Each structure stands twice: as C-alpha cells, then as structure tokens.
Amino acid sequence: MANAEGSEALVAILAAVDRQGIVNTLQYATDNGKDHQDVIGSMKSLECLGDVIKTDEKQTKSWQLTEEGCSVVEKGSHEAFVFNAIPDAGILQADLMKVSPNAKIGFSKAMSSGWILIDKSNTSGPLVTRKIASITDTVREHLRHLLDANVSAVPEKELKEYKKRKLIQFVVVRSYDITKGLSFSTSIAKQEAELLPEMIASGSWQTATFKSYNFDAMGTALDCGHLHPLLKVRAQFRQIFLEMGFSEMPTNNYVESSFWNFDALFQPQQHPARDAHDTFFIKEPATSNNFPEDYLKRVHQVHQEGGYGSQGYGYEWKIEEAQKNLMRTHTTAVSARMLYKLAQEPVFKPAKYFSIDRVFRNESLDATHLAEFHQIEGVVADRNLTLGHLMGVLREFFHKLGIRKLRFKPAYNPYTEPSLEIFSYHDGLKKWVEIGNSGIF
C-alpha cells in the first residue's frame, strides 16, 4: 500500500511537469496541501530513475512570525494589552504586573511609547494611569502585514526591533524547480536491481531498465582493527585505576635482581620460591651490582638481625644471592623500587601507584598455570593506613569491575602483615574463587 501511494505521488509530479513545463516544489506542496519535505522526497526518488527530470535549487528568504508573534496577531501586543488593562482611575503597578505573563515587557514598551504615567508618590504604592485616551497597536498591524508577506509595509528599523523581541525570525526556504529530462515520461517503469539467470535465459534483460550503480558511495566498513581480548581487559583495569587516582609505574624491566625481587621484600634467601625450579635465573649477565649502599645494609641487617619491629630471620644473609639476576616473578619488585624512591624525597607526599604487566614463573603448564602471565598491582603509601582502608580500596576496585560478592580471608605473605586473600563467588562454578592477594607492608 505504501509503495502504491509513493508511485502515485511520483506520477502526479510527472503529470504536473508535463502540463506546466516547470514545477516548483514549494508551490506544488502549497497548491496540493502536501508537506514540502514529502514532495522533495518524491523528487529525489524521480532523480534515481535516471535522466527523467532535471532539478534546479532555489532559495527563498522571508520573515516568519514566531509562536509569540502569532499570539500578538491574535490577541494584540504586550504594550497594548497593558494599556487596555488600566482603568480610568489607574491601577497599582504591583497589580498591573499580574494581568499578563508578559506584563513587565508590555509596561516597559508602553512607558517608552509615552502611553502611560506612573505616580510614585501614591501612599498605597506606585500608581499607573493612562497618559493618552487611545492608542493604535502598530506592532499588531505590522505583524499582520508580515503574515500576508507584505514586507514592504514594515520599516526596516521595526523589523530589527521585532526580531530582537523574538516576535519574528528570518528564514531561508530551499525549494527546487523541476523540468523535463532527456528521458522524461509520465509513467514509471520498474528498474531492475540485479541481472538474474532467468533474465539472461529469456532474453528479457535486453529490454529491461536497470538501476544505475553509485560508484562514489562508501562501502561497508570492514570489521577489523579490534583489540586483543587481553589488551581490552588491560585497558579496562587501567581506566579503573586512573579513575581511583592511581599513577602508573614504569614496568619495562622484565629482568630484575634478586635483591629487588626478593630481599627488599624481606623474602628469606632460603625460601622455596627462590629455587631454580620456581624461578627463571639469567645466565648472562648472571649478576647485578648497582644497589643503593645504605639501603642494602639496612635490608641485610633486618634479614640477619631484625629491626623496625621485626626480629629478623636469624641467618647469615649473603650478597651473592641478592646479586643473582632473574626474570621477575612479580611486579611487586617494581613497587619496592617505587617505595624506595618515594622515601628519598625530602618531604613525604602520599602516593598511589599501579602496574599491569608480565611476570614469569618456572611453572608446570596446565589449565590454571602458565610460565608467563600478567599481574595487576596497586600500592597506596600514606600515614595511618589501616586494614579497613585496604579492604575499602579493594571493594571499590572490584565493584567497578562488576564483582560485588566478595570475601576476605587472613593469609601469610613474607612482606606484608596483616595479609588478606580476596575471594569472589562464581555463579557459573557455584563456588568461591580466589581473585587476589593483598596486605600492608
């Protein structure tokens, strides 16, 4: 039904062009009671049929009344309304302001036109009276002229004033003149969109009319350039940390010394994690020597004798073990470096750091273990931090990921006390799954 109505509209325009020779879309819409945009749509459809019609764009500039301007034509101007609302004995200004939503504008214009007076000496309040017996509502008359397209009857100065008052607006109407094309016809032949085998077999393709191809049209956008799923997750985690006020740590040193990877985190040199079957040690260069001397001595002392509230491990700490190079087993080695750097500042400033990067473990590969994987880490340095602060930061981070079913379980880490493991309930597995580890240095 819709297609039939559309075809009838096209045929009607063609018939008008055949009769008149030239048809303006705006005039055609007005004469036939149709929406101008619908007529332009029909014209565009005819243009797609080939050289059936020719079109020439026209621009018509005119003044049009706004909704407020139409109201003035119907009811009178705001100043005339105010003037007519004043009785012979006058009216208090406060009461006059209540007669119309636009009374304030009308009062101002009536005063500037010299139509009314105000007596501020009145004991009951400012009294407004008529200054002249009658008025001519020039604004209303001018707007009526504009409504009838009689622009020459309105002075240029008044046009600017009415535009300023938002009673009229200047509009540009685009229309088209339609004339006959080289292939003009008053009937519409169906155009074929594709060449079918049946058309070739029957020979009907020889007399068929085909739609022309638009070789300038943009092709379908190729589905390419997607991020790797792991990179998408990294980007999501990174954005969450940034929203929480964290700064990213440099994590480009995959090769690390045992000092920063283990000793600076107070992991004893006899710990099983430091064995070759758990860690990838480097053959060349096998050792590092560039350590801050004062910090090296303090780490040595705490391991061997204790200090800062710790009793130490009571073993003979060896620099040779601390010098061994390895593929870092966790990004906490980066955190250790950053905390040492922060401690060297003349004035301590609270800081929040995060890192997302690769770490390496000498693991037996299975469904849940890889020799290379990514670790996400955040560090907050400030005074008077408590376990409650730690749990609050963790809850906020996981809530931003959409994980709300959380549990915290006490745990042991060599370099944090107290320590917590974080568990989340997995609806698919129907069980609590460990999703993180944490603690206070």
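Please read these numbers as outputs of a predicted model, since none were measured by experiment.
A 6.0 Å sphere centred on NZ of K163 holds no more than 12 heavy atoms belonging to other residues, nucleotides or ligands. More than 12 heavy atoms of other residues, nucleotides or ligands sit less than 6.0 Å from atom NZ of K180. Taking a 6.0 Å sphere around CD of E57, one finds it holds more than 12 heavy atoms contributed by other residues, nucleotides or ligands. Atom CD of E316 is surrounded by 12 or fewer heavy atoms from other residues, nucleotides or ligands within 6.0 Å. The number of heavy atoms from other shown groups lying within 6.0 Å of CD (Q270) is above 12. Annotation for N290: atom CG does not count as buried by contact number, only 12 or fewer foreign heavy atoms lying within 6.0 Å. The local environment of CH2 in W205 is sparse, with at most 12 non-hydrogen atoms from other residues, nucleotides or ligands closer than 6.0 Å.
Side chains of F241 and I376 form a contact here, defined as non-hydrogen atoms less than 4.5 Å apart. Within the 4.5 Å cutoff, the side chain of E8 has no heavy atoms near those of the V11 side chain. Inter-residue side-chain proximity for E198 and S204 is flagged as unmet; no heavy-atom pair is nearer than 4.5 Å. Considering only heavy atoms from C-beta on, K430 comes within 4.5 Å of Y425 through its side chain. The side-chain heavy atoms of I422 and F408, taken from C-beta on, include a pair separated by under 4.5 Å. Within the 4.5 Å cutoff, the side chain of E256 has heavy atoms near those of the R337 side chain. Contact check for N261 versus Q267: no side-chain heavy atoms found under the 4.5 Å cut-off. Within the 4.5 Å cutoff, side-chain heavy atoms of P250 are placed close to those of M338.
In this view, E434 satisfies the side chain to side chain donor-acceptor pair (under 3.5 Å) rule with no residue, not counting sequence neighbours. Residues meeting the side chain to side chain donor-acceptor pair (under 3.5 Å) test with Q375, sequence neighbours left out: T331, E377.
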Does the pair Y340 and W260 meet the rule for a side chain to side chain contact (heavy atoms under 4.5 Å, CB included), with working shown?
CA-CA 10 Å; Y340 172 76; W260 290 110; 4.0 Å; yes

With side chain to side chain contact (heavy atoms under 4.5 Å, CB included) as the test, would you mind laying out the steps for E321 and K324 before giving the verdict?
CA-CA 6 Å; E321 286 293 327; K324 290 181 180 179; 3.1 Å; yes

Evaluate I240 against M244 for side chain to side chain contact (heavy atoms under 4.5 Å, CB included), listing each step before the verdict.
CA-CA 6 Å; I240 291 173; M244 295 176 65; 4.0 Å; yes

One pair to check against side chain to side chain contact (heavy atoms under 4.5 Å, CB included): L385 and F441. What are the steps and the verdict?
CA-CA 10 Å; L385 292 176; F441 285 114; over 6 Å; no

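Here F259 and F291 bring their ring centres to under 6.0 angstrom of each other. Not less than 6.0 angstrom separates the ring centroid of F262 from the ring centroid of H271.
Ring-plane geometry between F354 and F246 is classed as perpendicular, the angle between the planes exceeding 60 degrees on a 0 to 90 degree scale with a lower cut at 30. In this pair, Y254 and F360 present their aromatic rings perpendicular. The plane angle is above 60°, beyond the 30 to 60° band.
Judged by distance alone, the side chains of H36 and T25 do bring a donor and an acceptor atom under 3.5 Å apart. Side chains of N362 and D278: a donor-acceptor N/O pair is absent below 3.5 angstrom, by distance only. No donor-acceptor contact under 3.5 angstrom links the side chains of T179 and D56, judged on distance only. Between the side chains of N325 and S288, at least one donor N or O sits under 3.5 Å from an acceptor N or O.
Atom NZ of K44 is separated from atom CG of L10 by 14.0 Å, given to the nearest 0.5 angstrom.
Between F280 and R361, the shortest heavy-atom distance links the atoms CE1-O, 3.1 Å. Contact between T386 and I440 at its shortest, heavy atoms only, is C-CD1, 3.8 Å. Looking at every heavy atom in both residues, P268 comes nearest to Y315 through CA-OH, 3.8 Å. Nearest heavy-atom pair, V154 versus Y162, reported as atom, atom and distance to 0.1 Å: CG1-CE1, 4.2 Å.
Side-chain N or O atoms of S108 include none that pairs as donor or acceptor with a backbone N or O of I105 at under 3.5 Å. At least one donor-acceptor pair under 3.5 Å links the side chain of S45 to the backbone N or O of G41. For R328 (side chain) and T251 (main-chain N/O), a donor-acceptor pair under 3.5 Å exists by modelled atom type. Between the side chain of T66 and the backbone N or O of L167 there is at least one donor-acceptor pair closer than 3.5 Å. Counting only distance, with no hydrogens or angles, the side chain of T416 and the backbone of S419 share no donor-acceptor pair below 3.5 Å. Here the side chain of R238 pairs no donor or acceptor atom with the backbone of V233 at under 3.5 angstrom.
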